[in-house]
Undergrad: 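If you scroll down you'll find the structure; I have some questions about it.
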Amino acid sequence: MDRQFLMEIMEINEKLAEAQSEAAMKEIESIVRAKQKEMTDYVSRAFEQDDLEKAKEMLTKMRYFSNVEEKIKLKKIPL
């Protein structure tokens with residue numbers, strides 16, 4: 001995994017941990033959804049070009065964003 005990507009994931013996780021309002025949560029959720037859409041487009045192009053290594057890399061990155069989405073859902077559930 002490239003360093004810049006991991007830093008981006010860390011920053012998003014930090015914002016999520018610090019989010020205190022519904023608006024902040026929605027902003028993070030919006031960012032994550034946009035990134036997931038972007039990654040989906042990259043995966044589609046990689047498969048179209050038979051670039052399985054690139055597709056694998058993008059799917060791995062998508063898993064990180066999926067984990068963040070799961071954290072958002074859990075944070076929205078009141079205890």
Undergrad: How long is the span from the NZ atom in Lys54 to the CZ atom in Phe47, to the nearest 0.5 Å?
TA: 13.0 Å
Undergrad: As an exercise, state the distance from NZ of Lys75 to CE of Met25, rounded to the nearest 0.5 Å.
TA: 5.5 Å
Undergrad: State the CG-NZ distance between Asp51 and Lys56, to the nearest 0.5 angstrom.
TA: 12.0 Å
Undergrad: How long is the span from the CD atom in Glu22 to the NZ atom in Lys26, to the nearest 0.5 Å?
TA: 5.0 Å
Undergrad: Hey, what do you get for CD (Glu57) to CE (Met39), rounding to the nearest 0.5 Å?
TA: 8.5 Å
Undergrad: Determine, using the 4.5 Å side-chain heavy-atom cutoff (strictly less than), whether Met7 and Ile12 are members of one ILVMFWY cluster.
TA: no
Undergrad: Ignoring hydrogens and angles, write down the donor-acceptor pairs under 3.5 Å from the side chains of residues 27-35, residues two or more places apart or on other chains.
TA:
unit_1	atom_1	unit_2	atom_2	d
Glu29	OE1	Lys76	NZ	2.8
Glu29	OE2	Arg33	NH2	3.3
Glu29	OE2	Lys76	NZ	3.3
Lys35	NZ	Glu8	OE2	2.8

Undergrad: Using ring centroids (six-membered ring only for Trp), state whether Phe65 and Phe5 fall under 6.0 Å.
TA: yes
Undergrad: Which heavy atom of Ala19 sits nearest to which heavy atom of Ala24, and what is that distance?
TA: CB-CB, 3.9 Å
Undergrad: Got a sec, which residues hit side chain to side chain contact (heavy atoms under 4.5 Å, CB included) with Lys71, two or more places apart in sequence or on another chain?
TA: Asn13, Leu16
Undergrad: Could you walk me through whether Lys61 and Asp2 pass the salt bridge (Lys or Arg N to Asp or Glu O under 4.0 Å) test, one step at a time?
TA: CA-CA 10 Å; Lys61 287 181 178 183; Asp2 66 80; 3.0 Å; yes
Undergrad: State plainly whether one hydrophobic cluster holds both Leu52 and Leu59, where clusters connect Ile, Leu, Val, Met, Phe, Trp and Tyr through side-chain heavy atoms under 4.5 angstrom apart.
TA: yes
Undergrad: Any donor and acceptor pair, going by atom type alone, linking the side chain of Ser66 with main-chain N or O of Met62 inside 3.5 Å?
TA: no
Undergrad: Please step through salt bridge (Lys or Arg N to Asp or Glu O under 4.0 Å) for the pair Lys37 and Asp41, ending with a clear verdict.
TA: CA-CA 6 Å; Lys37 169 77 172 95; Asp41 293 343; 3.0 Å; yes
Undergrad: When rounded to the nearest 0.5 angstrom, what distance separates CE in Met58 from CD in Glu38?
TA: 9.0 Å
